[in-house]
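Have a look at the structure below, then the notes.
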Amino acid sequence: MMVGPIFVLAEHRAGELRDITFEMLTKGHELAEGLGTELVAILLGHEVDGMAQELAKWANRVLYVSDPLLKNFNADAYQAVLAHLIGERKPILTMIGHTAYGIDVAPSLAVQLGLPIATDCLDLCFEDGRLCVVRQVYGGKVNVRARLKEASSYIVTVRQAAFQPGEYGPLSGEVERVECPIKEEPKGRKFIGIVTPPPGAVDITAADVIVSVGRGIRDKENIPMIEELAELLGGVVACSRPIVDKGWLPKDRQVGSSGKTVKPKLYLAIGISGAFQHVVGMKDSELIIAINKDPKAPIFRFSDYGIVDDLFKVVPELIKQLKEIKGQA
Ligand SMILES: Cc1cc2nc3c(=O)[nH]c(=O)nc-3n(C[C@H](O)[C@H](O)[C@H](O)COP(=O)(O)OP(=O)(O)OC[C@H]3O[C@@H](n4cnc5c(N)ncnc54)[C@H](O)[C@@H]3O)c2cc1C
């Protein structure tokens with residue numbers, strides 16, 4: 001029996017495709033190959049021809065709907081268009097990012113179409129035609145492997161950074177423009193504007209180098225030392241949750257299950273114990289170095305390098321050495 005295609009909803013902001021798109025396409029490619037079906041990128045927006053061409057390198061087909069009604073993200077409009085495309089093309093699976101956009105669309109889309117959905121998935125596979133997913137429960141303490149009930153089509157949302165964007169192709173997929181199935185703005189919700197962070201605000205998810213600080217820092221007065229180290233390394237300061245709870249750093253610097261997920265080239269964890277709620281947010285960093293005076297601190301299990309010592313000895317020494325290297329001593 002011919003299996004329907006795998007759909008991946010491309011996510012874009014300010015004219016740029018977001019990383020989650022390529023992460024899902026990579027997993028989607030693997031699944032499509034396994035099932036012997038097509039990988040289809042779905043692109044909704046206005047004047048998105050350039051992005052459609054870019055996606056063609058990553059998928060067998062790009063279905064794109066370009067219409068002024070889709071210029072800005074609107075969950076109701078997206079839902080209506082996706083419901084139309086799923087009804088028409090009957091994908092076996094629709095992958096949507098577990099992002100602010102995705103979690104706004106996916107559940108109500110599944111309800112509208114009466115399809116099984118699994119959210120915040122870390123892994124996906126098909127077994128005997130049924131979708132299996134890996135998800136976390138109990139705040140990330142336990143990974144659960146679940147098999148969804150038999151269905152002709154599934155919807156999932158995929159956690160950011162769960163998959164590495166891989167090397168395959170380029171596929172030179174066919175780009176197919178689809179007429180916009182909605183003719184007027186949805187009544188339920190209205191796009192008002194994009195709220196951007198104030199100038200100078202730091203996006204830790206985009207940083208290559210993160211110097212992250214935890215409760216071991218003892219006092220707010222010691223944070224400038226961490227800022228100095230971050231600056232010397234060309235990085236930004238992030239933190240564990242207690243630092244935010246104490247009001248020493250703003251919430252947008254928090255890494256972890258109730259903060260942000262990061263995957264920089266270097267994650268330097270200073271005075272952080274490595275509670276699982278923190279680790280889920282940084283474990284996919286390329287290089288992890290931890291400084292902690294407790295040799296049994298769980299953070300060392302996730303680190304490439306560990307320094308077992310007092311951070312108040314190690315950090316000033318690192319600052320001194322970096323200044324010497326940079327000729328600032
Ligand atoms: C629902 C829920 C969601 C949560 N979400 C998050 C989240 O998103 N992010 C997050 O980070 N946490 C989160 N937490 C909290 C989490 O469980 C931990 O309490 C927290 O991560 C601990 O932060 P910490 O490592 O800075 O502090 P601690 O666990 O107190 O660790 C401090 C570490 O510093 C070391 N240390 C102390 N002094 C020194 C020194 N002089 N030199 C070197 N090392 C030193 C100690 O050995 C210790 O390992 C959440 C908790 C819950 C219940």
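Both ligands and their constituent atoms are indexed starting at 1 by order of listing.
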Which residue and non-hydrogen atom of the protein lie closest to atom 14 (N) of ligand 1, and at what distance in Å?
-> Q277 CB, 3.6 Å
Starting from atom 29 (O) of ligand 1, find the nearest protein heavy-atom neighbour and note its residue, name and distance.
->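 In this structure, atom 29 (O) of ligand 1 has S273 OG, 2.7 Å as its nearest protein heavy atom.
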Quickly, which of D120, T99, T119, T261 forms a side chain to side chain donor-acceptor pair (under 3.5 Å) with R159? Name it, please.
->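 One option only clears the test, and that one is D120.
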Give the atom numbers and elements of ligand 1 that come within less than 4.0 Å of a heavy atom of [X].
X: Q254; answer: 6 (C), 7 (C), 8 (O), 9 (N)
X: D309; answer: 42 (N), 43 (C)
X: G256; answer: 7 (C), 8 (O), 9 (N)
X: G259; answer: 8 (O)
X: D310; answer: 40 (C), 41 (N), 42 (N)

Under 4.0 Å, heavy atoms only, figure out whether ligand 1 is touched by the backbone of F312, its side chain, both or neither.
-> side chain
Can you tell which part of V255 has a heavy atom less than 4.0 Å from ligand 1: side chain, backbone, both or neither?
-> backbone
With hydrophobic residues grouped by side-chain heavy-atom distances under 4.5 Å, do Y101 and L25 end up in a single group?
->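 Shared cluster, no.
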Once the angle between the rings of Y168 and W58 is folded into 0 to 90°, is it parallel (under 30°), tilted (30 to 60°) or perpendicular (over 60°)?
-> perpendicular
Considering only heavy atoms, which of D294, I217, N292 lies nearest to atom 46 (C) of ligand 1?
-> N292
Tell me which one of A238, A275, S240, S258 gets a heavy atom nearest to atom 6 (C) of ligand 1.
-> S258
Close side-chain approach of M282 to I299, heavy-atom, < 4.5 Å =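 The answer is yes, as the side chains (C-beta and beyond) meet within the 4.5 Å cut-off.
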Could you state the interatomic distance from CG (L113) to CG (L109), rounded to the nearest 0.5 Å?
->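 Interatomic distance, L113 CG to L109 CG, rounded to 0.5 Å: 5.0 Å.
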Distance-only check: which donor-acceptor pairs under 3.5 Å involve side-chain atoms of residues 207-225, not counting sequence neighbours?
unit_1 : atom_1 : unit_2 : atom_2 : d
S212   : OG     : C239   : N      : 3.4
S212   : OG     : Y267   : OH     : 2.7
D219   : OD1    : E221   : N      : 2.9
N222   : ND2    : I217   : O      : 2.8

Would you say P242 touches ligand 1, if touching means a heavy atom closer than 4.0 Å?
-> yes
